[in-house]
Amino acid sequence: GSSADDEPISLELPGLGMNRRDFMKAGAAVGTVSALAGCASLTGGGTNTQTTSGDVPDHTVAPGEHDEYYGFWSGGHAGDIRIFGLPSMRELTRIPVFNREPAKGYGFDDETNAMLEDAGGYTWGDSHHPSLSETDGKYDGNYLFVNDKANGRVARVNLKYFETDAITNVPNVQAVHGCCIQSPNTDYLFANSEFRTPLPNDGRDVTNPEKYVSVFTAIDPESMAVRWQVQVDGNLDILDTDKDGRWAISSAYNDEEGVEIEEMTRDDRDYVKAFDVPAIQTAVDNGEYEEVNGVPVVDGRRDSLLNSGENPIVRYIPTPKSPHCVEVEPNGKYAMVAGKLSPTVSIIDIEKLASEPDPAKTIVGQPKVGLGPLHTTFDDRGQAYTSLFIDSQVVKWDIETAVDSPDNSEDAILGKIDVHYNPGHIQAIQAMSTEPIGDWLVVLNKLSKDRFLPVGPIYPDNDQLIYIGNDKDDETGGMELVADHPVYPEPHDAIFATKDKIAPAKTWDKADYEGEKEYVSETNSRVNRIDDTTVEAYASVKRSEYGLRDFTVKEGDQVTLTVTNIEGSQDIVHGVAIPEYDVNLALAPQDTREVTFRADKPGVYWIYCTYFCSALHLEMRSRMLVEPR
Ligand code: CUK
Ligand code: CUA
């Protein structure tokens, strides 16, 4: 056709005054940097030529049947988590995290509103990296954690209720990007601040970029309190941990500590940071830190006292320029650092982090995988799958062969498959735990271009399902593209667990809020006037009535409405909507919510239920009568 896609796009990166020799020097293929910016030119107009063969299991799930796996997607700057069933890829629900969300009443009741306000009061977040809690290296189904890149926060989702129950606004950071729990027992939640800022960022040193720092943060996953931080050289990026509770390994860029792109890409090396968690803990216990905004900050810069001895607290491992991600394979033996600007993956031997005095020698393999490697995932057979952003492909490779082959060799490559288009994260079932399954893989493509009906100039992403259960000696190594799935902008990452690992409640357990909120029974629905301007109203709700048929307040009263859904049956949800008062509660069975507002508009306000709950749903009504003063 003659669409804009087919027209050549300049390979120059606007504003980047680098010449081609600089790219080469940076260990990148010619034009790689500009291709990352103007990638549309390199994806081709390719159509899907791979078809599925007979030995791929049916990914569709029959009516009434369940999926095998839970998938937890980050929503990117939508700020939420989305739950998909795999392999059908049906979206099951969304969990609002950093975003207020009316369908679930999140941010509308007093408790969730206060949580969002206490966490900074921002109206949005940018969730990238979901991480499931583990016990003994296996997903335990208790919690999911996720970062907010935009506002430097981390949040916890309680998987009993599939609801966000804590958000921590991390001090001393800007742009929390890398975020993951510490394997194997979730002793810490770790978070990387990507952007370098003065420490503290209170107006000092704004014009002294050499004083900006990036910090690694350890958070207690139960209290969600920040325990300690480590400041380092360069910009921290994405991270993963080993499987033994010792090392947290972060990708990093801008070792030059520049503030403009030319400065950030001047040298030919960057340094992955491997944090020795027990050693940092010891330094904190010994008081070897500076307290900043109430947090002990340990100095992990390359030339610091704690790093200059024989047992540095942070190891600086040289890699090609500007790597993207770190992923540790399920055995915990190797950490894979995808090269991004370099067409390689650097393989770090985790055991060598403690024993090898020369950090460069902890890299035991560097297979050449293709252009723009961003993320790597794993099956249960010692094979890795890396997304190639520029090549718009997934490459399958053999880990031990890559370790045994000379650097930059292609010996380990088992096959490549085209994806559509420009993949970011890639994830196989349970690949982040010690129990990978090795059947399905999802590749999260940043562009969908021609794959779906056009929906205006902001396109959906395209998450593609690939079957990896058949190892074959063919062009793709047996990988088969099975399905395209449009997704609302803009998931970055996903994590998948077998369905037996996740056990959500069907109704609320009122013991979980006893002492904090009153369970309002039908007979205890009432209105209490506390003083001249304060009213508390308590109402039960069931099909098809509220415990209060009406209640009267005076203009200007502060009203706190407490409502309990007294239903015992699963899936019978009721709502409390008050027109013109911006009140919107959603109540699962046995749940109680409170909302406080000022009744500043006299008149009659019909309270109605937002969830269609019975044949008399429309008649299910109450009235708030606001009398003029
Ligand atoms: S980052 Cu987005 S594609 Cu935030 Cu995990 Cu790599
Ligand atoms: Cu309750 Cu509709």
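Atoms within a ligand are numbered from 1 in the order they appear, just like the ligands themselves.
Under the 4.0 Å criterion applied to side-chain N and carboxylate O atoms, K517 and E111 are assigned as salt-bridge partners. Ion pair R82/E101 not flagged as a salt bridge, since none of the NZ, NE, NH1 or NH2 atoms sits closer than 4.0 Å to an Asp/Glu carboxylate oxygen.
Residue Y385 forms a side-chain contact (heavy atoms from CB on, under 4.5 Å) with just one option from D379, V395, V443, and that option is D379.
Under the rule for a side-chain contact (heavy atoms from CB on, under 4.5 Å), the partners of S131 that lie at least two apart in sequence or sit in another chain are C180, I181. Judged as a side-chain hydrogen bond (donor to acceptor under 3.5 Å, both in side chains), and not counting sequence neighbours, the contacts of T112 are D109.
Judged purely by distance below 3.5 Å, without hydrogens or angles, the side chains of E567 and H574 pair a donor atom with an acceptor atom. Between N151 and W124, the side chains place no donor N or O within less than 3.5 Å of an acceptor N or O (distance only, hydrogens not considered).
In summary, the atoms of ligand 1 found under 4.0 Å from a heavy atom of I238, numbered by their order in the structure, are 1 (S), 5 (Cu). Ligand 1 places these atoms under 4.0 Å from at least one heavy atom of K446: 2 (Cu), 3 (S). Here is the list of ligand 1 atoms found below 4.0 Å of a heavy atom in H177: 1 (S), 4 (Cu).
Atom 5 (Cu) of ligand 1 has an N, O or S atom of H129 inside 2.8 Å of it.
Heavy atoms of K149 found under 4.0 angstrom from ligand 1: none, in either backbone or side chain.
Protein atoms of type N, O or S found under 2.8 Å from atom 2 (Cu) of ligand 1 total 1.
Listed by first and then second residue, the side-chain hydrogen bond (donor to acceptor under 3.5 Å, both in side chains) pairs that reach into residues 579-590 are Y519-Q590, sequence neighbours excluded.
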